[in-house]
Every structure is written in structure tokens, then in C-alpha cells.
Amino acid sequence: MYTPVVVPSYPVSKRIMLLLKSFFTSYKIHRMKQDRKRFLKQLGSGLLIAGLPGIASATNNIASVIDQEDFAGEGAADDEKFWKKVSKKYYKVDDGHINLENGYYGIQPKPVLQSFQKNIEIANEGAARFARKDFPVISSAIKKELAAFLNVADEEIIITRNATEALNIAIQGYPFKQGDEVIINQLDYFSMIEAFRMLEKRGKIKVNAFEMSLLPSGDDEIVALYEKLITVRTKVILLTHVSNINGLIVPVAKIAAMARKKGIDTITDSAHALGQVKFSLPELGSDFVGLNLHKWMGNPVGGGVLYIKKARIKEMVPLFGDVDAAEDSITKLAHFGTTPFAVIMTIPDSLAFQKMLGIERVTERLHYLKSIWVNECKDHPNVEVVTPADQHLSCAIASFRIRNKSAVDVADYIFKQHNIFTVRRALGKEGCIRVTLVAIKACAG
Ligand SMILES: Cc1ncc(COP(=O)(O)O)c(C=O)c1O
């Protein structure tokens with residue numbers, strides 16, 4: 001019997017920020033040694049959480065693990081009691097280090113993980129009979145549920161293995177004509193840039209790149225930067241909804257509206273947006289959007305989504321060979337072969353947990369936590385924060401660099417000396433260090 005579960009959260013306490021602050025201010029960190037013990041102890045009990053799903057088709061035992069009362073009516077951004085309670089009860093993470101690199105993938109809440117484990121067993125025990133008879137029915141119900149969550153029709157989405165796959169289907173399947181031009185910038189995700197560059201190398205399109213401002217003053221400046229690069233040949237603008245490099249949030253709806261007036265399409269990379277910031281797919285106004293389920297939605301690794309507006313499906317060319325499906329059916333783009341059954345089966349639980357936590361609550365908490373560390377270090381003469389402070393322009397992700405230091409060295413140093421795990425991202429010559437507040441219990445206790 002299929003049993004769905006629930007989902008994710010991303011904690012980090014104020015103390016983690018103090019730890020970072022201490023790094024920024026002293027840059028030597030000796031005193032951390034003593035403080036660290038105390039810190040980690042406090043941290044162990046000061047977690048955050050970011051997303052609870054709802055239990056869509058749940059049968060019971062796992063669903064019964066979740067007490068909806070735990071999520072009722074509390075959870076202000078600074079309500080440590082609430083976040084601690086939820087974190088403790090619903091998350092289990094490695095105690096050996098402080099994880100401030102939650103941008104790779106999100107930790108599953110315990111109930112979701114349990115559901116996933118159960119789903120693995122179901123698929124394993126049922127084998128081919130399960131896959132051929134039960135799974136098609138289950139997955140079509142799940143697709144409907146996911147589409148409803150995303151406010152679109154189920155004929156407009158396919159479940160992929162990740163955002164890279166989703167966006168490659170959109171980029172490589174887009175009906176470009178010889179000489180068409182595409183606009184990208186340095187904050188776009190490298191895999192999507194690669195996909196466009198590959199098309200360019202094959203002589204199909206021309207890629208025009210511009211330097212996105214790291215600290216734009218607002219939406220108008222961002223829209224103007226895109227608009228400036230448009231030529232009569234521009235066909236597509238790549239929009240990275242939330243940048244993986246510095247967390248910049250671009251005003252997708254405004255850029256898409258500007259582009260549409262000029263007959264230009266947008267392909268939107270919302271890999272980091274779903275579950276981190278509130279948005280509605282139809283309101284984005286972008287006809288092609290790729291999303292992830294394993295970053296901020298807390299689903300097991302191996303799930304993504306491609307949305308294509310119904311009216312646009314007909315013109316798309318399949319990346320994976322398929323000549324039998326109807327031209328206007330999105331299934332023509334999803335000829336993947338054997339899929340990760342258990343990952344897909346767990347989606348309803350992830351959605352359920354996410355709904356329970358509430359995107360507004362999660363977003364506010366993430367803003368709050370990020371502002372603590374950013375405010376502590378932004379005025380330090382040797383620290384350059386490369387993410388706008390405006391809540392409208394960034395959420396959980398922010399990045400910094402230390403003057404005259406390589407980002408790799410700084411990230412290594414923070415890890416070796418403080419047991420804080422971050423990641424270096426490519427940005428100009430120096431790179432930057434990305435801090436992503438998300439995971440559950442972020443450190444040793
Ligand atoms: C902005 C952005 N787009 C796309 C992706 C690709 O996601 P995945 O590796 O799950 O395909 C990532 C991954 O980090 C990302 O940050």
C-alpha cells in the first residue's frame with residue numbers, strides 16, 4: 001500500500017550567525033575555540049525548519065507521526081521555541097559539522113524520509129508487477145496533486161529527475177531558428193549556460209551575455225539591464241529566478257511581461273525558488289519553467305518539474321526520442337525510461353509537510369536568519385557582501401568575499417577552524433562564499 005509523507009525545513013540559529021560574525025570580526029578565530037563548545041551546545045537545540053508538506057494520499061502510520069498541532073498558529077521568524085520544537089521532533093541531521101551549505105539539496109524531515117524508505121520497499125517488493133500495474137496509477141494521481149500545488153494543469157507538467165533535466169528539455173527542445181539570439185548573464189546557473197552555449201557551438205543560435213549587477217537597487221534596474229541587450233533577433237531570455245551564486249531574486253513576472261511585449265520568450269530556472277520564496281507559476285508569465293523538488297521542498301533527491309504552458313507544447317521538439325505521443329501532449333517530452341519510483345511516490349508527503357509549515361512562515365524565518373549574519377558583517381572593511389539586503393531581492397542565500405583572499409581558502413579556513421561547511425561559487429576572479437541557511441539542525445550538539 002502506498003503511503004505518502006511529509007517534509008522539510010531548514011534551520012539555523014542565531015548562534016550560528018554569531019559564529020560567523022566572530023569569524024568576520026576577528027578573522028583569527030582563536031576565541032572561537034572556547035566559545036564553540038557553548039555555541040554548538042546551544043545550536044543543537046536551536047534549529048530552524050522550513051517546510052512542511054501536507055499529506056495528500058497518506059494512509060496512516062507515517063502520517064500519524066505528524067502532529068498538526070505542532071504547526072498551528074506559531075512560528076514567527078524569531079520564535080526559537082517553535083523552531084526548536086519542530087526541528088527536534090521532525091529532523092535528524094549529522095551532528096558532526098555546522099551546515100551552512102543547504103543550497104545543494106534539502107534534508108528530508110523524518111516523516112518524509114520514513115515514507116521514502118517505505119516507498120523504496122514497496123517498489124522493491126512489488127517489482128515489475130508494481131511498476132507496470134500500480135505505479136502508472138499512483139504517478140498520474142501524484143502528477144495531478146503536484147500540478148494543483150503549482151496552480152497549473154497536469155497536462156502542463158512533467159516530473160523529471162532534477163531541474164537540469166527539466167531545463168535542458170526546454171532549452172534544447174525550444175524551436176529556435178537559425179540566427180536566433182538568447183540573453184544570459186553571469187549569475188545564471190552554469191548548466192543552463194552550457195546548454196545554450198552548446199546550441200551556439202552547433203551553429204543554431206547566438207548567445208549574448210551581460211553582467212548582472214550584484215547589488216541592484218531594485219526591480220526596475222534589473223528589468224532595464226535585460227532590456228538593454230535585446231536586439232531584433234532576440235528570441236529567448238534565460239531567467240534564473242533565485243541565483244545559486246549570490247541568491248539574487250530577479251523579478252521574473254516583470255521581465256517576462258517586458259519580453260512578451262517584444263515577442264520574446266523567457267525560459268525560467270526556478271530550481272531554487274520553489275519552497276524558498278512564494279510565487280505562483282501562472283503569475284510568473286513565463287511559458288517554460290524548470291523547478292526542483294529536492295532543494296527547498298524536502299523531497300528525496302531525484303525529483304524536478306518542467307512546466308510548459310499548454311499552448312506552447314505543440315511547437316516543442318522532444319529531447320528524448322518520441323514520435324508516437326500527440327504533438328500537443330507534454331508526455332512527448334518525457335520519454336525517460338525507468339524512473340525513480342520511490343522518489344516520485346514521496347512527493348505528496350513533501351507537499352503535505354510544505355503546506356503544514358507554510359511558505360510565508362518559512363520565507364520570513366529565512367530572511368530573519370540571513371539578516372542576522374549579513375548585518376553583523378556587512379560593515380566590516382575586509383568583507384564584501386555580494387547580495388542585496390532588500391528582502392525583495394534575496395531570501396535564504398547570500399554570499400560574501402574577503403578582500404585579497406581566495407574564496408576557496410576562506411571556505412577551507414572556516415571549515416577547518418570552525419567546522420562550518422560553506423561552498424565557494426564562481427564569481428569573477430575572486431569567487432565568493434555562499435551561505436545558505438536551510439537545513440535543519442545545522443551543527444553538532
Ligand atoms: C539556479 C539553479 N538552477 C539549476 C540547478 C540544477 O539543479 P539540479 O542539479 O538539481 O538539476 C541548480 C543547482 O544547484 C541551481 O542552483
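These values consider heavy atoms only, across backbone and side chains, with no hydrogens, waters or symmetry-generated copies. For clarity, every value in this text was computed on a predicted model and none was experimentally measured. We count ligands from 1, going down the list as the structure has it; atoms in each ligand are counted the same way.
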N/O donor-acceptor pairs under 3.5 Å from side chains in residues 195-205, not counting sequence neighbours:
| residue | atom | partner | partner atom | Å |
| --- | --- | --- | --- | --- |
| Arg197 | NH1 | Glu200 | OE1 | 3.1 |
| Glu200 | OE2 | Val207 | N | 2.7 |

Of Asp188, Asn185, Val182, the residue whose pairing with Ile193 passes side chain to side chain contact (heavy atoms under 4.5 Å, CB included):
Asp188

Has Lys110 got a side-chain atom pairing as donor or acceptor with Lys89's backbone, closer than 3.5 angstrom?
yes

Ring centres under 6.0 angstrom apart (Phe421, Tyr104):
no

Before we go on, tell me: are the rings of Tyr189 and His272 under 6.0 Å apart, centre to centre?
no

Give the protein residues with at least one non-hydrogen atom closer than 4.0 Å to an atom of ligand 1, ordered by chain and number.
Asn162, Ala163, Thr164, Tyr189, Met192, Thr240, Val242, Asn244, Asp269, Ala271, His272, Asn292, His294, Lys295

Please report whether the ring centroid of Tyr174 lies less than 6.0 Å from that of Phe288.
yes

